[in-house]
Amino acid sequence: MSEPLLACEDIVKVFPGVRALDQVGLRLQAGTVHALLGENGAGKSTLIKVLTGVHAPDGGRLRWQGDEVHLRSPLEAGRLGIGVVHQERNVIPGFSVAENITLQQPPARRGLISPAAMIGPARDCLQELGLDLDPRLPVRELSVAQQQLVEIAKALHTDSRVLLLDEPTASLSPGEAERLFEVIRRLTARGTCVVFVSHKLEEVFALCDTVTVLRDGRSVLESAPLSEHTHDDIVSLMVGRAHAATAFTPRTVDASGPAALSLTGIATAAGHEDVSFDVATGEIVGLYGLVGAGRSELVKAVLGLDRVHSGEVRVHGEPASISSPRQALHRYGIGYLTENRKEEGVFLDQPITRNIAVTVWRKLAGALGQVSSKREQAVAQDLVDRLGIRLARLGQNAGELSGGNQQKVSLAKWLATDTRLLIVDEPTVGVDVRTKHAFHELLWELARDGMPIVLISSDLGEMVTLADRVVVMAGHRVRGQVANDHDYERMSQRIIRLIHDRPAPEAAVEKGRMTP
Amino acid sequence: MIAIRSRSAGAVPALRRFSRSTAMTLLCVVVIGYLALGVASSGSFFEGPSVRTFLQYLATPILIGLAQMVVLCVGQLNLAVGALGGFTACLMGVLMADAGVPAALAVPAGVLSATLIGLLTGVFIVATQINGFIVTLGTMTILLGAQYRLTGTRTVDGYSSTLRDLGRAAPLNLPLVFLVALVTAVLLAAFLYRATAGRRLLAAGGNPLAARLSGISTDRQTVLAHTLSGLLIGLAALTATASLPGVNRSVGGDWLLPSFAAPIIGGVALTGGSVAVLGTVLAAFVMRLIDAARAEFSLDPSWVNFLIGLVMLGTVVGGRLHQGHLERAGKNRRTPTAPTGGGTAPAADSLLAGTGGAQ
């Protein structure tokens with residue numbers, strides 16, 4: 001094989017508490033499309049950031065056409081010929097389309113940019129993508145899909161030898177995606193190497209020549225020809241077979257009374273349409289989908305953080321119209337454990353006591369509104385014992401705890417009030433295996449005591465371990481529901497098929513609404 | 001063919017954009033307010049001396065508004081606007097009156113030291129990663145002390161008569177200091193809208209992550225913004241020294257809040273990434289009008305503060321409502337491939353900021 005354009009050897013990247021990349025290898029050949037696959041959190045985006053000089057690797061080497069290189073900044077990577085479209089939005093909202101496209105090398109003479117001179121090249125890049133858009137429009141006025149295309153146009157403008165596309169089709173329509181694939185084929189014909197990251201396996205198989213699969217920060221398949229592998233091979237490699245569903249004490253779902261939470265035909269401002277499902281008392285319902293499927297957005301809309309256009313929400317049988325999370329908590333007893341605990345869930349520089357008692361201050365408060373610290377501590381101590389939170393003392397700041405224990409504090413906060421329905425969003429991201437297990441046990445026990453739980457998770461293993469039923473979402477819609485039989489392989493196949501809209505013949509999969 | 005079509009296609013939205021912008025509203029307020037004042041004063045407000053005084057004391061508010069604006073546009077703020085201005089004015093006064101330095105040397109020295117202090121502030125913020133609020137709070141206090149050290153309780157007035165003459169000069173009834181402020185605003189606008197360095201400044205303010213990924217150092221932009229701010233404050237101190245009868249420890253004491261009010265009324269977002277040079281200049285006009293009305297009708301000074309506060313809240317609330325309206329409009333047109341065309345309203349705070357080519 002010829003000398004690869006860009007090669008990674010044993011790349012290691014460590015973030016506090018996580019080994020995001022562990023001896024990853026990658027060889028990119030000129031004129032090929034290379035698929036980079038893996039589940040959420042497998043390390044794809046981190047690898048891309050290492051390749052483009054955003055993160056410096058903690059170990060291993062990068063070779064550019066055989067010579068070792070050290071990329072210290074995105075600019076250096078760009079000069080070398082590595083272009084990228086990151087997963088995050090990377091446009092300057094106040095700038096025009098043309099200026100965003102030419103941002104890296106704006107046409108300028110003697111320090112003065114020429115707005116007229118950037119129109120032409122920008123229009124060329126847009127036309128290559130088949131996008132009829134006025135280059136003078138400010139980017140903030142564009143739709144999300146258009147902004148995404150502008151970012152791709154920006155990458156085209158840099159004329160890269162290696163072009164990394166991180167989930168470029170996440171917000172594109174099939175037609176737009178097809179245009180993008182044509183562009184990618186044209187680029188590879190010119191000798192560019194395109195690295196394509198996508199969750200959509202159909203796209204990958206239609207487009208890519210070689211494939212690298214990451215799992216838990218390791219490359220389980222490295223730069224292999226894609227034609228030698230089937231869909232199912234790749235899925236198995238991505239999810240791994242190591243996950244064994246843990247057995248807990250069996251519990252029963254009480255479906256006799258009205259559903260604890262019942263959504264019927266929900267449509268929201270965020271773009272959800274016709275979302276319906278029920279959660280019974282003592283049931284754990286999993287919401288599974290890829291990043292961007294609209295799971296957290298759905299929950300946020302139901303809790304009043306975004307607008308629900310139509311449809312009905314019933315809590316314990318009563319029609320509910322929830323206007324704020326505060327109302328959800330006090331009136332309907334719905335606790336929401338957020339995905340983003342660092343920013344939304346825990347007050348990092350406040351003592352643990354205060355973090356737990358914040359939801360019950362109203363109950364603890366005396367006549368003048370003062371909160372006795374003794375009563376606060378009693379509440380906190382009780383929950384710390386129940387949840388097994390490991391801490392030095394109650395007065396410690398929550399920020400000093402490990403990620404798993406922070407998550408438990410965040411949960412304790414909801415348990416302190418009499419929560420009658422718990423919504424848990426990505427509870428174990430960035431948490432080590434042992435804490436994860438303890439947390440699973442905790443949720444399981446809560447459900448056994450009758451707590452209805454909605455579990456949002458991108459971790460299939462977690463879904464299979466905990467959920468009674470998995471509601472599969474994609475593109476802001478419910479694709480179907482799968483009753484969990486706790487068999488990891490069968491479940492993962494069914495769920496992934498639902499996401500990719502390739503219904504399996506098994507009878508257990510029912511499309512649309514299903515009541516327990 | 002394409003060029004012609006796109007040219008006319010670009011001009012119309014640009015005009016429509018302007019007609020809905022904050023600057024347009026402010027322009028109307030200025031014109032109507034000025035006419036109303038003129039009529040209410042039975043014409044005396046239209047006469048030469050009145051116009052001259054009005055413009056004379058407009059120069060400093062414009063410059064300090066711009067000085068705050070350049071820092072706001074990278075998402076920082078500068079609490080030391082007044083203190084640095086007062087210190088620089090006193091430095092120039094003391095150099096000329098006490099040390100006998102000729103104005104031709106003292107003035108550049110003053111402006112230069114203001115710029116240098118701005119530069120140091122920026123470097124300090126970047127090097128220590130301490131929040132700009134805290135750093136400029138510190139420099140403000142230090143500079144207030146330095147200003148007191150320079151002048152004590154006296155008023156320094158024995159300085160260059162040439163400078164005073166220039167400060168009072170008004171060719172064509174337009175005060176020279178006002179022209180200095182206007183020319184500065186035009187140069188600043190050209191820098192921010194057309195110069196590569198200016199665009200980098202705005203890019204870093206608009207989306208720091210995207211700017212970094214495009215090879216723009218956000219640290220350098222922070223330093224540049226504070227340096228520019230220092231330079232503009234130096235110029236504001238120059239216009240103040242030239243127009244005032246003397247400088248003392250109270251110069252600059254009432255600059256800080258107007259320096260925030262002008263850009264905020266003008267439509268600049270505190271979060272960074274947007275500038276509105278014209279809006280800021282017009283907002284300074286509006287505030288000056290309120291002040292002039294007070295002088296004209298001997299109103300209680302508390303009215304001035306009351307009105308400025310009201311105008312500020314009014315414009316910000318108006319902008320927020322407009323923004324909310326836009327977002328709802330934006331969500332309704334989710335069709336990804338349809339080009340948006342020129343019919344969409346611009347955000348309230350985007351006067352000229354977003355359209356490098358439209359002006």
Side-chain angles (χ1 to χ4, degrees), chain A residues 49 52-54 73-79 84 86 88-96 98-100 103-106 108 110-116 118-119 123 130-146 148-149 151 154 171-173 175-176 269-271 307, chain B residues 2-3 6-7 9-10 13-14 17 73 190-191 193-200 202-207 209-217 269 272-275 326-342 344-347 349-350 353-359:
Chain A
K49 287 190 171 150
T52 51
V54 179
S73 73
L75 198 59
E76 281 190 20
R79 289 211 184 104
V84 62
H86 286 289
E88 302 93 12
R89 286 285 85 77
N90 276 307
V91 286
I92 316 273
F95 281 17
S96 68
E99 190 158 15
N100 266 293
L103 190 63
Q104 209 142 353
Q105 304 137 328
R110 276 180 264 129
L112 289 184
I113 55 153
S114 151
M118 53 176 73
I119 301 284
R123 208 186 284 275
L131 194 60
D132 180 23
L133 201 64
D134 183 357
R136 270 170 292 242
L137 274 181
V139 163
R140 78 167 100 228
E141 290 179 16
L142 305 183
S143 71
V144 176
Q146 287 170 330
Q148 176 90 50
L149 287 165
E151 274 183 59
K154 181 175 159 185
S171 50
L172 299 187
S173 70
E176 288 164 328
R307 284 195 309 163
Chain B
I2 289 169
S6 60
R7 180 159 301 231
R17 202 167 296 242
C73 90
F191 174 75
Y193 298 129
R194 294 297 296 276
T196 323
R199 298 314 284 179
R200 277 205 288 265
L202 280 170
N207 186 344
L209 182 67
R212 257 203 308 280
L213 293 177
S214 298
I216 294 169
S217 152
S274 67
V275 285
L326 271 183
E327 267 166 26
R328 273 193 300 283
K331 276 197 175 147
N332 288 337
R333 59 177 162 84
R334 281 175 59 87
T335 43
T337 38
T340 31
T344 51
D349 58 0
S350 74
T355 50
Q359 30 134 29

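Naming: A, B, ... by sequence-line order, numbering from 1 per chain.
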(Q) Please classify the contact of B/Arg212 with chain A as side chain, backbone, both or neither, using a heavy-atom distance under 4.5 Å. (A)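 Backbone only.
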Q.
Are the side chains of B/Ser217 and B/Arg200 in contact, using a 4.5 Å heavy-atom criterion?
A. no
Q.
Is any side-chain heavy atom of A/Leu142 closer than 4.5 Å to one of A/Val91?
A.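 No, side chains not in contact.
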Q: Give the member of A/Thr52, A/Leu112, A/Asn100, A/Val84 that has the highest number of heavy-atom pairs under 4.5 Å with chain B.
A: A/Leu112
**Q.** When A/Gly53, A/Pro135, A/Pro74, A/Ser73 are compared by non-hydrogen pairs under 4.5 Å with chain B, the top option
**A.**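 The residue among A/Gly53, A/Pro135, A/Pro74, A/Ser73 with the greatest pair count is A/Pro74.
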Q. Closest approach of A/Asn90 and A/Glu151, non-hydrogen atoms and distance?
A.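 Here A/Asn90 and A/Glu151 meet closest at N-OE2, 3.1 Å.
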Q | Atom of B/Val275, atom of B/Cys73 and distance for their closest heavy-atom approach | A |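 Nearest pair, atom of B/Val275 first, then B/Cys73: CG1-CB, 3.2 Å.
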